[in-house]
Structures are given as C-alpha cells and as structure tokens.
Colleague: 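My questions all concern the structure below.
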Amino acid sequence: MMEGFGFPASAGQFRFQAERQIVERLIEGINSHCMLDLGCGIGSWAEYFAHHFSKVVAVEASKPLFNVMAQQCASLTNVTPIYGDALSFEPEEPYSMAFLGGMLMYLNESDVVALLRKLIPFIDAGGVILCRETTVRQGTVIRDGTYQVAYRSVQTYTEIFEQCGIASVKVEANMPYLLMQMGCETIKKWKGIMPSPLQAIPVAGWLTYWGLRLCNPWITSVPALFGRTFPELTNHFFLLRPAISEDS
Ligand SMILES: C[S@@+](CC[C@H](N)C(=O)[O-])C[C@H]1O[C@@H](n2cnc3c(N)ncnc32)[C@H](O)[C@@H]1O
C-alpha cells in the first residue's frame with residue numbers, strides 16, 4: 001500500500017503496531033486454541049497470532065507471498081502454512097477465530113457468501129470471524145485492470161454477513177489505515193498536479209507522513225468537518241459471531 005509515496009520505512013511498522021492494538025482489544029477473551037488466517041500474505045499476522053494461539057493455519061494463494069510467509073514462520077512449530085485458494089480450502093477442525101485480513105475485497109459477492117458459509121460450522125462456540133476490509137462510504141466500487149478489487153461499504157458488508165446468518169458484534173473504523181490512506185491520497189494528488197521533475201517525492205512524502213503523524217488523531221476528523229469525503233478509501237474491522245443454530 002505504501003510504496004512509492006516517500007514515507008519512511010517505519011510507516012508500515014507503525015500501522016501494523018497500531019492495528020495490533022485494535023485486534024488485541026477486539027479478540028480479548030476468546031479461546032486461544034486453533035485459528036485460521038485466510039489470505040495471510042507474507043505472514044506478519046500469522047507470526048503474531050502464533051504467539052497467542054496454540055495453532056495457526058495460514059492459507060495464501062500467491063506463491064511468492066506464500067514462500068515469504070513459509071520462511072518467516074519456519075521457526076514457529078505451531079504454524080501450518082498452506083499454499084492454495086481460500087475458496088477451495090477445506091476446513092477440518094474447529095477454530096477459535098478465522099481472520100480474513102483484506103481478502104474479501106478480492107472475491108465477488110457470491111464467493112464471499114460461499115466462503116463465509118463454509119467457515120461457519122467450523123467456528124467453535126464463542127469463536128469469532130474477524131475481517132479487516134478496505135471500504136467505501138456507499139455501495140460498491142469495482143476496480144478492474146491488473147489490480148482487480150471490490151471495495152464495499154460497511155452497509156454492503158453488513159448485508160452480506162446477514163445473508164450468511166452472521167451477526168456483526170462490532171464494526172470499528174481502522175484509524176491507523178485511515179491516517180496512512182490520507183497520506184497516500186495526498187501524495188497521489190501531489191503527483192497529479194506537479195510536473196515529475198518538481199515532485200520531490202522523498203521530501204513531499206516525508207513531510208506529509210510526519211505532518212499527519214504529529215496531528216494524529218484529530219487530523220482524521222478534519223475532512224468531515226468541512227464536508228469532504230477524504231480519503232476516498234477507508235477501512236474497517238468487522239468482528240462477527242455466527243448465529244448459534246437451534247440444533248447446536
Ligand atoms: C491485502 S493482502 C493482506 C495480507 C494479510 N492478510 C495482511 O493483513 O497483511 C490480501 C491477501 O489475500 C490473498 N488472497 C486473495 N485472494 C485469495 C484467495 N482466494 N485465497 C487465498 N488468498 C487470497 C492475496 O494474495 C494477499 O496476500
């Protein structure tokens with residue numbers, strides 16, 4: 001998300017640490033047995049979860065990302081790396097938590113529904129599904145091309161979850177993401193108005209990043225005060241609990 005914007009190397013680490021605090025709070029009190037990390041990317045979260053759950057099953061469909069993740073988690077004996085598509089993955093054991101971090105946006109709506117319905121019987125009593133998804137303020141925005149994604153609104157996700165019989169226990173804005181996204185969209189605008197030789201991205205990125213960090217958190221509420229929908233993309237955590245069926 002943050003390459004090419006001139007932000008310092010620590011920007012990704014800052015966002016990850018801040019998101020970790022949110023996740024820790026959201027999942028406080030759930031069982032720490034087995035967890036499933038679907039679309040685990042390079043495994044930053046899988047590695048983190050390995051210190052909190054007795055077993056982590058980490059699934060990734062991209063071979064290069066899978067390889068990085070497998071290497072990163074090689075010393076963690078409680079991580080089971082699986083190279084494959086989440087849609088064809090067959091769960092085999094009960095999970096205290098399924099984490100889908102930025103994966104649903106790559107799936108069309110019927111695949112999202114099919115995937116969640118497949119997971120529900122494997123979430124143990126008291127267990128949760130935690131999604132972290134990039135969102136838009138209204139409806140659904142499809143981006144085609146080399147990077148194909150569907151950005152959905154909180155309402156659209158809530159309706160999809162309801163279709164699957166899943167209650168949203170909590171929906172929380174991902175403020176660390178929002179702050180970084182404000183920076184990314186500011187630099188994109190800068191690139192759009194300045195001729196290339198004058199862009200000085202390392203300087204513009206550094207100033208933008210540290211300006212936002214120093215003015216955090218109040219800066220995130222400024223666009224709304226002026227009636228501006230900025231940044232265009234937001235991000236939310238969805239803490240979901242499958243409804244308990246009558247026969248369970
Ligand atoms: C935005 S990245 C997030 C990675 C990681 N979950 C995180 O939060 O840092 C989404 C990941 O989902 C993976 N992915 C997308 N569709 C997938 C699918 N159908 N099956 C498995 N992985 C998938 C992508 O390859 C990518 O690594």
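These figures come from a predicted structure and were not determined experimentally. In listed order, ligands and their atoms are each counted from 1.
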Colleague: Would you kindly say whether T186 and T208 are connected by a side-chain donor-acceptor distance under 3.5 Å?
Modeller: no

Colleague: Using a strict cut-off of 4.0 Å, indicate which atoms of ligand 1 neighbour a heavy atom of D85.
Modeller: 18 (C), 19 (N), 20 (N)

Colleague: State whether F5 and K188 meet the cation-pi test: NZ (Lys) or CZ (Arg) under 6.0 Å from the six-membered ring centroid, and within 45° of the perpendicular axis.
Modeller: no

Colleague: Please list, in number order, the atoms of ligand 1 under 4.0 Å from a heavy atom of R132.
Modeller: 7 (C), 8 (O)

Colleague: How would you list, by chain and number, every residue that makes a side chain to side chain donor-acceptor pair (under 3.5 Å) with T158, sequence neighbours excluded?
Modeller: none

Colleague: Tell me, which protein residue and heavy-atom name are nearest atom 15 (C) of ligand 1, and how many Å apart are they?
Modeller: Y106 CD1, 3.6 Å

Colleague: How far is atom 3 (C) of ligand 1 from the closest protein heavy atom, and which atom is that?
Modeller: G101 O, 3.1 Å

Colleague: Which is closest to atom 26 (C) of ligand 1 by heavy-atom distance: E60, M103, M105?
Modeller: E60

Colleague: Among protein heavy atoms, which lies nearest atom 1 (C) of ligand 1, and at what distance?
Modeller: G102 O, 3.5 Å

Colleague: If you measure from CG on L107 to CG on L115, what distance do you get to the nearest 0.5 Å?
Modeller: 6.5 Å

Colleague: Please list, in number order, the atoms of ligand 1 under 4.0 Å from a heavy atom of G41.
Modeller: 4 (C), 27 (O)

Colleague: Evaluate F99 for polar contact with ligand 1, using N/O atom pairs at a separation under 3.5 Å.
Modeller: no

Colleague: Could you tell me whether the side chains of Y48 and E19 share a donor-acceptor contact shorter than 3.5 Å?
Modeller: no

Colleague: When you look for heavy atoms under 4.0 Å from ligand 1, do you find them on the side chain of L65, its backbone, both, or neither?
Modeller: side chain

Colleague: With a cut-off of 4.0 Å, which atoms of ligand 1 are near a heavy atom of A86?
Modeller: 18 (C), 19 (N), 20 (N), 21 (C)

Colleague: Just to confirm my output: which protein heavy-atom neighbour is closest to atom 4 (C) of ligand 1, and how far is it?
Modeller: G39 O, 3.4 Å

Colleague: Is it the side chain (CB and beyond), the backbone, both or neither of W45 that lies under 4.0 Å from ligand 1, heavy atoms counted?
Modeller: side chain

Colleague: Identify whether NZ of Lys or CZ of Arg in K170 sits under 6.0 Å from the centre of the six-membered ring of F238 and within 45° of that ring's axis.
Modeller: no

Colleague: Going by heavy atoms, is S44 under 4.0 Å from ligand 1?
Modeller: no

Colleague: Is it the case that over 12 heavy atoms from other parts of the model lie below 6.0 angstrom from the CD atom of Q148?
Modeller: yes

Colleague: Are any of the side-chain heavy atoms of I22 and L26 separated by less than 4.5 Å?
Modeller: yes

Colleague: May I ask you to establish whether R132 and F99 are in a cation-pi arrangement, using a distance under 6.0 Å from NZ or CZ to the six-membered ring centre and at most 45° from the ring axis?
Modeller: no

